Amino acid sequence: MSKPLIELSGITKSYGPVSALKGVDLTLYENEIIGLIGDNGAGKSTLIKILAGVERFDSGRMTYLGQDIEPKKYSVSTARRMGIETVFQDKSLGESQSIWRNFFMGRHLHNRLGFIRVAHEKKEAMRVLTDIIGLRGVGVSANAPVSVLSGGERQGLAIGRAMYFDARVVIMDEPTTALAVKEVEKVLGFARNLKVQGKSAIFVSHNLYHVYDVADRFLFFQHGKIRSELRKEEATPKILIDTLMKCS
Ligand SMILES: Nc1ncnc2c1ncn2[C@@H]1O[C@H](COP(=O)(O)OP(=O)(O)OP(=O)(O)O)[C@@H](O)[C@H]1O
Ligand SMILES: [Mg+2]
């Protein structure tokens, strides 16, 4: 039996009068990829933001490797230091930050005097983005703000961070939306490779073929709750579509 990495029970989250999550229970096991499926507004991104440390949950319990996560002490930097890396759906996070700062955010490399090793970090960030991820765009330079990057390049930046820092859990919110075919293949390849490396992931997508391709287990969201669950052995893309229709 695999070890649980992340356990959520009874997680709720409201935005003013909008109740986005109404009690979510979810366990992510070691070396497991979960696919999150659901209509627009079902609460998938809200859950991802809670896991990533962007939003705080209102009630319920979250543990990572058996340790309770205190929402007030949990942030994107904390999550990253614990090995949870997120590829976000919306483009809002760290937009004005330079590419190299965003790459090392929360995990800067320091010299003996305690200063950030700026030149080294810039070089490392560019090495990963150009040599390993293969970004070729004109806007991709260490000092450029994240806002100049295209959708695919942003995904590449986040994936590069996950690779460089050897993330244990990678959370991807619609990583293939608005990507060219070649970039989609890269992202799906990255997700499959996580599995081979013994890592875990949560993969959110409206493209059920992409979710089917990479996930071991599928959770269907509806109105802020998980309504249905299927394991890969009991699913086909057609079954995923039919189940989604029932949860819409
Ligand atoms: N910051 C916010 N303020 C107010 N309401 C919000 C906020 N963020 C999300 N919501 C609402 O919470 C609900 C869940 O939104 P969420 O983004 O989690 O859905 P989703 O499942 O990711 O949808 P999609 O598939 O369209 O990305 C929606 O009704 C949304 O309008
Ligand atoms: Mg979303």
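Indexing begins at 1, ligand by ligand and atom by atom, following the structure's order. Treat the numbers as computed from the prediction; the structure is a model and nothing was measured.
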Consider side chain to side chain donor-acceptor pair (under 3.5 Å). Of Arg127, Arg107, Glu124, which one does Tyr164 pass it with?
Glu124
Geometry only, no angles: is Ala20 polar-contacting ligand 1 at N/O separations under 3.5 Å?
no
Close-contact set for ligand 1 against His206 heavy atoms, below 4.0 Å
24 (P), 25 (O)
Parallel, tilted or perpendicular, judged at 30° and 60°: which one describes the rings of Phe104 and His108?
parallel
Closest heavy-atom approach to atom 29 (O) of ligand 1 among Gly41, Gly224, Pro17 is made by Gly41
If you measure only the distance, is there a donor-acceptor pair under 3.5 Å linking the side chains of Ser9 and Asp25?
no
Check whether any N or O atom of Gly38, backbone or side chain, sits under 3.5 Å from an N or O atom of ligand 1, and answer yes or no.
no
Between Asp216 (side chain only) and Ile33 (backbone N and O only), is there a donor and an acceptor less than 3.5 Å apart?
yes
Which atoms from ligand 1 have a heavy atom of Glu174 less than 4.0 Å away?
25 (O), 27 (O)
When you measure from the centre of the six-membered ring of Phe221, is the NZ or CZ of Lys225 under 6.0 Å away and within 45° of the axis?
no
Provide the number and element of each atom of ligand 1 under 4.0 Å from a heavy atom of Ser45.
17 (O), 18 (O), 20 (P), 22 (O), 27 (O)
Of all the atoms in ligand 1, which lie at a distance below 4.0 Å from a heavy atom belonging to Thr46?
14 (C), 15 (O), 16 (P), 18 (O)
Set out, in order, the CA-CA distance, both residues' side-chain angles and the distance that settles side chain to side chain donor-acceptor pair (under 3.5 Å) for Ser205 and His210, then state yes or no.
CA-CA 7 Å; Ser205 179; His210 295 170; 4.5 Å; no
Under 3.5 Å, is there a donor-acceptor pair between the Asn31 and Lys199 side chains?
no
Charged N to carboxylate O under 4.0 angstrom, Glu233 versus Arg231?
yes
From Thr46, does some N, O or S atom reach closer than 2.8 Å to the Mg ion (ligand 2)?
no
Which ligand 1 atoms are under 4.0 Å away from a heavy-atom of Asn40?
23 (O), 24 (P), 25 (O), 26 (O)
Is there a heavy atom in Asp39 that sits closer than 4.0 Å to ligand 1?
yes
Could a heavy atom of Lys49 be found less than 4.0 Å from some atom of ligand 1?
no
Is it possible for you to check whether Lys232 lies under 6.0 Å from the centre of the six-membered ring of Tyr212, through NZ or CZ, and within 45° of that ring's axis?
yes
Nearest non-hydrogen contact with atom 19 (O) of ligand 1 belongs to which option: Gly16, Ser19, Gly43?
Gly43
Can an N or O of Ala42 be found at a distance shorter than 3.5 Å from an N or O of ligand 1?
yes
